Amino acid sequence: MKVILTQDVKDQGKKGDLIDVSDGYARNYLLAKKLAVEADAKALNEIKNREAALKHKAAMEKQNAIETAVKLETLIVIINNPASAEGRLYGTVTSMDVSEALKAQFGIDIDKRKIQINEHIKHFGTYVIDVKLHADVAGKITINVTDEKNK
């Protein structure tokens, strides 16, 4: 008998999976404990619709990530940090600094965990930083680190 799981069942599958089990196991255990529903036309149609909605959502997220990546490559984010007389920053520029500056200056909200700084930024200058916006989409941000006094 084909059933659709409504909850995760050990050794059978996860919620939403379509599985084939014996009639007795389905009737006496899965259906009785409401762990599954019988796979009729209505239930199969719901699964197809749910999968289509998930695919559409994933495609929209990827498209938004591509648009954001294109927009980021045209921007220059300015980060003002205090520095010593020799021009060395008192701290390093972190992904949180970049994320906050990006939100403050351009209104683009990117999680700090998606910003990948490969080198320690301890001096003034212009740097290019990688951003992982989606599993398949990466972008680059150009940041300009300046002295806080030169605002």
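For the single chain, residues carry numbers from 1 onward in sequence order. In this text the structure is predicted, and so the values were computed from the model without any measurement.
Proximity of Lys140 to Asp130: side-chain heavy atoms (C-beta onward) are separated by under 4.5 Å at one or more points. Between Ile129 and Ile121 there is a side-chain heavy-atom pair separated by less than 4.5 Å. In this structure the side chain of Lys71 reaches within 4.5 angstrom of the side chain of Ile108, judged on heavy atoms. Val21 places a side-chain heavy atom less than 4.5 Å from the side chain of Gln12.
The environment of Leu18 atom CG is dense: over 12 non-hydrogen atoms of other residues, nucleotides or ligands sit within 6.0 angstrom.
Thr142 pairs with exactly one of Thr126, Val77, Thr74 by the side chain to side chain contact (heavy atoms under 4.5 Å, CB included) rule, that one being Thr126. The only member of Met60, Lys55, Glu61 that meets side chain to side chain contact (heavy atoms under 4.5 Å, CB included) when paired with Lys57 is Glu61. Between Leu102 and the options Val131, Ile110, Ile79, a side chain to side chain contact (heavy atoms under 4.5 Å, CB included) holds for only Ile110.
Note that CG of Leu5 is 6.5 Å distant from CG of Leu30, once rounded to the nearest 0.5 Å. Taken to the nearest 0.5 Å, the CG atom of Leu72 stands 12.0 Å off from the CD atom of Glu67. Considering NZ of Lys132 and CD of Gln116, their distance stands at 7.5 Å, rounded to 0.5 Å. Interatomic distance, CD of Glu51 versus CD of Glu46, reported as 12.5 Å (0.5 Å rounding).
One hydrophobic cluster holds both Val9 and Met1 under the rule that ILVMFWY side chains link at heavy-atom gaps under 4.5 Å. Under the 4.5 Å side-chain contact rule for hydrophobic residues, Leu35 and Leu31 share a cluster. One hydrophobic cluster holds both Tyr127 and Ile141 under the rule that ILVMFWY side chains link at heavy-atom gaps under 4.5 Å.
The two residues Ala138 and Ala69 come nearest to each other via the heavy atoms O-CB, 4.2 Å. Counting all heavy atoms, side chain and backbone alike, Ala26 lies closest to Val3 at CB-CG1, 4.1 Å. Listed here is the closest heavy atom pair of Val93 and Ile117: O-CD1, 3.6 Å. Scanning both residues, Asp147 and Pro82, for their nearest heavy atoms gives OD1-CA, 4.4 Å. For Phe106 against Ile76, the heavy-atom pair with the smallest separation is CZ-O, 3.5 Å. Nearest heavy-atom pair, Phe124 versus Leu89, reported as atom, atom and distance to 0.1 Å: CE2-CD2, 3.6 Å.
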Q: Apply side-chain contact (heavy atoms from CB on, under 4.5 Å) to Lys62 and Val137, showing your working.
A: CA-CA 7 Å; Lys62 185 174 180 179; Val137 180; 4.1 Å; yes
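Judged as a side chain to side chain donor-acceptor pair (under 3.5 Å), the pairs with a partner in residues 90-111 (not counting sequence neighbours) are, in order, Thr94-Asp97, Asp111-Arg113. Residues in residues 16-39 take part in no salt bridge (Lys or Arg N to Asp or Glu O under 4.0 Å) pair, two or more places apart or across chains. Sequence neighbours left out, the pairs with a member in residues 28-52 that pass ring pair (Phe, Tyr, Trp, His ring centres under 6.0 Å) are Tyr25-Tyr29.
A donor-acceptor contact shorter than 3.5 Å is absent between the side chain of His120 and the backbone of Lys122.
Applying the salt bridge (Lys or Arg N to Asp or Glu O under 4.0 Å) criterion to Asp40, with sequence neighbours excluded, gives no partner residue. For Lys112, there are no salt bridge (Lys or Arg N to Asp or Glu O under 4.0 Å) partners two or more places apart in sequence or in a different chain. Listed by chain and number, the residues in a salt bridge (Lys or Arg N to Asp or Glu O under 4.0 Å) with Lys15 amount to none (sequence neighbours excluded).
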